[in-house]
Student: 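Just passing along the structure, written as structure tokens.
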Amino acid sequence: MTEIEYKIYIDDVIRRVETARLKVSDHHIVKIVAISKYSTAKEIEKLYKIGQRAYGENKIQDLKAKKQELEEYPLEWHFVGNLQKNKINNFLDIHPALFHSLDSLELAQELQKKLEARGISLDALLQINSAKEESKHGVMPESACGIYAQITKECPNIHLKGVMSIGAHSEDKTIIKKSFDTTYEIYKSLKGATICSMGMSGDFELAIECGSNMVRLGSVMFNK
Ligand SMILES: *Cc1c(COP(=O)(O)O)cnc(C)c1O
């Protein structure tokens, strides 16, 4: 794909986001985080040149390598993967813009200790296992509000900004919608939450229609 062809292609993706968000309201703004886990630094550079600034990775070592490789550009780096406790120091060294996948109180407490010791803070989202799937990380929907409040209270160096969820793994749109509705309900009930991160390449329009204001788009942004 030439640069022009790629730009036209991305315009179409943005048009799809626009159409979905306008079904919610003129004022419903949606941010795209381009998930670059299957893409190279060169490919990220191409996308940056047509205007995309926020990127996300799901592995600490990849986040670190790509951030370093692309440090000449003013990119914003998000982390969307599972964070193991023994990787917290490596993770904090990278200073990510937003941690989407805080998935337990225990992890929050470990993070709090390290953040406090460093005298820094971290913006994060509480990940919700909205369809209660064995294969997924995240807190159960019924405990989400309680855990959110507890983290807010006990972990002053973690600034919770809202929630993140991965749509139900299903071919059935009503089941996927239900998982997004569950997440959105929790989001709406949280005081001060401003980010509802849900929707990936295969389901972002539905996620936006259900209230998402941050979509994590991998394959569709890189045309894979
Ligand atoms: C890989 C990944 C995405 C993007 O997936 P696509 O289907 O390629 O858009 C979004 N969120 C998380 C947490 C991911 O791991």
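In listed order, ligands and their atoms are each counted from 1.
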Student: L217 near ligand 1, heavy-atom distance under 4.0 Å?
Tutor: yes
Student: Tell me, which protein residue and heavy-atom name are nearest atom 5 (O) of ligand 1, and how many Å apart are they?
Tutor: M200 CE, 3.6 Å
Student: Should side-chain heavy atoms under 4.5 Å link Ile, Leu, Val, Met, Phe, Trp and Tyr, which residues sit in the same cluster as V80?
Tutor: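 V33, I35, L98, L125, M164, I166, I195, M200, M214, listed by chain and number.
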Student: Go through the steps to decide whether S212 and F180 satisfy the test side chain to side chain contact (heavy atoms under 4.5 Å, CB included), and finish with yes or no.
Tutor: CA-CA 8 Å; S212 165; F180 289 148; over 6 Å; no
Student: Between S165 and S130, do the side chains contain an N or O donor and an N or O acceptor separated by less than 3.5 Å?
Tutor: yes
Student: For ligand 1, which atoms have a heavy atom of S201 less than 4.0 angstrom away?
Tutor: 6 (P), 7 (O), 8 (O), 9 (O)
Student: Which residue owns the protein heavy atom closest to atom 8 (O) of ligand 1, what's the atom, and how far is it?
Tutor: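 That would be S219 N, 2.8 Å.
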Student: Under 4.0 Å from a heavy atom of V80: which atoms of ligand 1 are those, numbered in the order shown and with their elements?
Tutor: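 This gives 12 (C), 13 (C) as the contact atoms.
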Student: CD1 of I4: more than 12 outside heavy atoms within 6.0 angstrom?
Tutor: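 12 or below, so no.
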Student: Do G218 and ligand 1 have an N or O pair less than 3.5 Å apart?
Tutor: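 In this structure, G218 places an N or O atom under 3.5 Å from an N or O of ligand 1.
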Student: Could you name the option among R216, K37, Q127 that has the heavy atom nearest to atom 2 (C) of ligand 1?
Tutor: K37
Student: Would you say ligand 1 has an N or O under 3.5 Å from any N or O of Y38?
Tutor: no
Student: More than 12 heavy atoms of other residues, nucleotides or ligands under 6.0 Å from NE2 of H159: yes or no?
Tutor: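 Yes, the 6.0 Å shell around NE2 holds more than 12 heavy atoms from other groups.
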Student: Please verify the inter-ring angle class for Y6 with Y9; under 30° counts as parallel, over 60° as perpendicular, anything in between as tilted.
Tutor: parallel
